[in-house]
Amino acid sequence: APAWVPIDTLQIGGLVARNTTSDITSSALQLKWSMTPAQRDGCQLGSVLGVRRAQRDRPDVGYYNAIMSCNDPNGAMHLNLGRVRPSGGPSATTWGISFEVPDGSYTGFAEAFGQRGTDETHETRTYQLGLRATLSPRWQVDGTVGRVQELRESGTTRETVYSIGLKRSF
């Protein structure tokens, strides 16, 4: 996702994503604030505030995440906890954890994230593996493959998902 850093502690980002299963294109705009300085060997805190919109007359979704990232020479671990709320709808809790292991200009990662709505009978969980490559100081490409589990009172559904991304930093 493209990102602009007007000051060291603030990043403004945007993205466009396409779901090929349901033919929905979504877009998002977010502000990421680094609450503590980045650490090469240690932990830092941050937060994200954003809004996401999907095609087909779906309501805008506002979201907030608290983030903790910990780095050491072997890689990084990221944790987040947040809330999402569609316009006029109930809010839901979100969570995520990821591990990154760099190897030169490539970084492998494993992540899990999910959402639990105000309705206790609905929960979504996603598990993914991915690889990110640095093409230049401003360009990155990444890809993931994973599984989404949707848990409902009526049963569990599973779907394989994949993503291909390109990021340009300004």
Side-chain angles (χ1 to χ4, degrees), residues 1-55 61-84 94-115 124-149 158-170:
W4 176 52
V5 181
I7 58 175
D8 285 343
T9 59
L10 183 66
Q11 177 181 319
I12 301 170
L15 67 88
V16 175
R18 176 77 172 165
N19 181 326
T20 58
T21 304
S22 57
D23 280 340
I24 295 175
T25 300
S26 61
S27 58
L29 180 63
Q30 68 181 27
L31 302 173
K32 183 177 182 182
W33 175 43
S34 297
M35 298 162 50
T36 59
Q39 305 285 324
R40 286 185 76 119
D41 195 7
C43 297
Q44 64 262 359
L45 300 174
S47 62
V48 173
L49 181 65
V51 65
R52 180 178 68 229
R53 170 179 284 235
Q55 284 181 334
V61 175
Y63 57 92
Y64 172 80
N65 282 305
I67 304 167
M68 182 175 80
S69 294
C70 297
N71 302 303
D72 73 23
N74 298 312
M77 178 183 69
H78 308 284
L79 302 167
N80 72 60
L81 184 63
R83 297 290 284 177
V84 298
T94 62
W95 58 271
I97 184 170
S98 70
F99 298 95
E100 297 181 355
V101 179
D103 186 18
S105 61
Y106 299 96
T107 300
F109 56 92
E111 58 190 6
F113 53 91
Q115 176 175 311
T124 303
R125 300 177 194 154
T126 303
Y127 305 94
Q128 296 185 148
L129 296 174
L131 184 65
R132 179 172 48 252
T134 300
L135 304 175
S136 74
R138 293 185 179 252
W139 288 95
Q140 289 181 349
V141 64
D142 65 67
T144 63
V145 63
R147 295 285 283 171
V148 175
Q149 291 181 321
R158 291 176 179 83
E159 180 180 13
T160 299
V161 294
Y162 63 91
S163 71
I164 299 170
L166 183 64
K167 176 181 178 178
R168 182 178 192 278
S169 296
F170 296 94

Which heavy atom of Tyr63 sits nearest to which heavy atom of Leu29, and what is that distance? OH-O, 4.0 Å

Under a 4.5 Å cut-off applied to non-hydrogen side-chain atoms, are Val161 and Gln128 in contact? yes

What distance do Thr126 atom OG1 and Glu159 atom CD have between them, rounded to the nearest 0.5 Å? 9.5 Å

Gln115 backbone acceptor or donor facing Thr124 side chain under 3.5 Å: no

Quick one: which residue pairs count as a salt bridge (charged side-chain N to carboxylate O under 4.0 Å, His left out) with a foot in residues 96-113, not counting sequence neighbours? Glu100-Arg132

Can you check side-chain contact (heavy atoms from CB on, under 4.5 Å) on Phe109 and Thr144, steps first, answer last? CA-CA 9 Å; Phe109 56 92; Thr144 63; 3.6 Å; yes

How about CD1 on Ile7, more than 12 heavy atoms from neighbouring residues, nucleotides or ligands closer than 6.0 Å, or not? yes

Return yes if some donor-acceptor pair links the side-chain N/O of Asp72 with the main-chain N/O of Asn74 below 3.5 Å, else return no. yes

Between Leu79 and Met77, is a side-chain contact (heavy atoms from CB on, under 4.5 Å) present by the stated rule, with each step listed? CA-CA 7 Å; Leu79 302 167; Met77 178 183 69; 4.2 Å; yes

Rounded to the nearest 0.5 Å, what separation is found between the CG atom of Asn80 and the CH2 atom of Trp95? 9.5 Å

Checking Gln44 side chain against Thr36 main chain: does a donor-acceptor pair fall under 3.5 Å? no

Counting only heavy atoms not in Tyr127, do more than 12 fall under 6.0 Å of its OH? yes

Going from OG1 on Thr94 to OH on Tyr64, what distance comes out if it is rounded to the nearest 0.5 angstrom? 11.0 Å

Straight-line distance of Asn65 CG to Leu81 CG, nearest 0.5 Å: 8.0 Å

Might you point out which heavy atoms bring Asp41 and Pro73 nearest each other, and give the distance in Å? OD1-CD, 4.0 Å

Which atom pair, heavy atoms only, marks the closest approach of Gly75 to Pro102? CA-CD, 3.6 Å

Could you measure the distance from the NE2 atom of His78 to the OG atom of Ser69? Nearest 0.5 Å is fine. 4.5 Å

Would you say Val48 and Lys32 make side-chain contact, with heavy atoms under 4.5 Å? yes

side-chain hydrogen bond (donor to acceptor under 3.5 Å, both in side chains) for Ser34 and Asp8? Distances and angles first, verdict last. CA-CA 8 Å; Ser34 297; Asp8 285 343; over 6 Å; no

Going by atom types only, do Ser105 and Thr134 share a side-chain donor-acceptor pair under 3.5 Å? no

Point-to-point distance, once rounded to the nearest 0.5 Å, from OG1 of Thr107 to CG of Leu131: 8.0 Å

